[in-house]
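Contents: one structure, followed by commentary.
Every chain is numbered from 1, with letters handed out A, B, ... down the list of sequences.
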Amino acid sequence: MLNKSQIRYCLDIFESMYPDAECELNHTNPFELLVAVVLSAQATDALVNKVTPDLFAKYKRPEDYVNVPLEELQNDIKRIGLFRNKAKNIKKLSETLLEKYDGEVPPTKEQLESLAGVGRKTANVVASVAFDEPAIAVDTHVERVSKRLGICRWKDSVLEVEKTLMRKVPVDEWSVTHHRMIFFGRYHCKAQRPSCEECPLLSLCREGQKRMKKKEKTS
DNA sequence: AACTCGGGGCA
DNA sequence: TGCCCAGAGTT
């Protein structure tokens, strides 16, 4: 397991690699962000961004999603996967916003997570990006990077990974770190064929060391 | 913990 | 073709 100064080193490398990392889902207000993040589950941001311009032109407020027939909304988002459930969730979530929150998106993680189609990850993203609340959303990239480097244990659950990161990363860097680790995981520390040879963190990376040794043997 | 929903992108 | 993707809900 990495100690605090080693993790500090990782965070500084992440910053030097991706200084401006931020949420890539297009949005102009919290409600649009919430809808975009719900749509982005198991889909790429690029695909979601192709759909949202037309979608947000047609649907501006929760009422618009509540009043439209389910089939019509499903058709409007069908290019994105899992559209049947996502359409239902967005309608239900919009009803909840009107009933409980005066049509506004609530700012806390707990309130967000109680909405239909919103899990811990989505709640963390919306809270941090839209409301500047400190949060670390652990997705597959963050989980993989944390485990490979040795920031957390291999067998840790997603929730344990999040807790560990919250304990070891300064709170004012939580949100930024989340996005930087996603970039690092997506473009560098990839699930398949990570480019360990050129990695600036190789010297302290548990998995990287293992992979390099393996490569020496086979070559 | 495993399973399902799911079209798009890429090799 | 086959495999993966910035997940959540149900069993």
Along DNA chain B (nearest heavy atom to each residue), the more 5'-positioned of A:Lys86 and A:Arg193: A:Lys86
Thinking salt bridges, do A:Arg8 and A:Asp12 make one under a 4.0 Å N-O criterion? yes
Heavy-atom donor-acceptor pair, A:Arg120 side-chain to C:dA8 base, under 3.5 Å: no
Say you pick atom C1' in B:dG9 and the same atom in C:dA8; how far apart are they, in whole Å? 23 Å
Roughly how many Å is it from CG in A:Leu82 to P in B:dC5, rounded to a whole number? 10 Å
Write down the distance between CD (A:Gln74) and P (B:dG6), rounded to a whole number of angstrom. 8 Å
Within the pair A:Lys78 and B:dC5, is there a side-chain N or O less than 4.0 Å away from OP1 or OP2? no
In whole Å, what is the span from the NZ atom of A:Lys88 to the C1' atom of B:dG6? 14 Å
Winner on side-chain proximity to A:His141, out of B:dG7, C:dA6, C:dG7, is C:dA6
How many whole angstroms separate atom CG of A:Asn49 from atom P of B:dG8? 16 Å
Check this one for me: any side-chain N or O of A:Ser40 less than 4.0 Å away from OP1 or OP2 of C:dG7? no
If only atom types and distance count, is the side chain of A:Arg84 paired as donor or acceptor with the main-chain N or O of A:Gln74 below 3.5 Å? no
To the nearest angstrom, how far is A:Asn85 atom CG from B:dC3 atom P? 18 Å
Starting at atom CG of A:Leu47, determine the distance to atom C1' of B:dG8, rounded to an integer number of angstrom. 6 Å
Could you give the distance separating B:dC3 and C:dC4 at their P atoms, to the nearest angstrom? 15 Å
With a 6.0 Å cut-off on the ring centroids, do A:Phe31 and A:Tyr65 count as close? yes
Which part of the nucleic acid does A:Arg84 contact within heavy-atom distance under 4.0 Å: base, sugar-phosphate only, or nothing? sugar-phosphate
Using a cut-off of 4.0 Å on non-hydrogen atoms, how would the nucleic acid contact of A:Lys50 be classed: base, sugar-phosphate, or nothing? sugar-phosphate
Applying a 4.0 Å non-hydrogen cut-off, can you work out what A:Glu24 is touching in the nucleic acid: base, sugar-phosphate, or nothing? base
Rounded to whole Å, please give me the gap between CD in A:Gln42 and P in B:dG8. 15 Å
Whole-Å distance, A:Asn89 CG to B:dG6 P, equals 11 Å
Rounded P spacing from C:dA6 to B:dA2 in Å: 22 Å
Going by an N to O cut-off under 4.0 Å, is there a salt bridge joining A:Arg186 and A:Glu24? yes
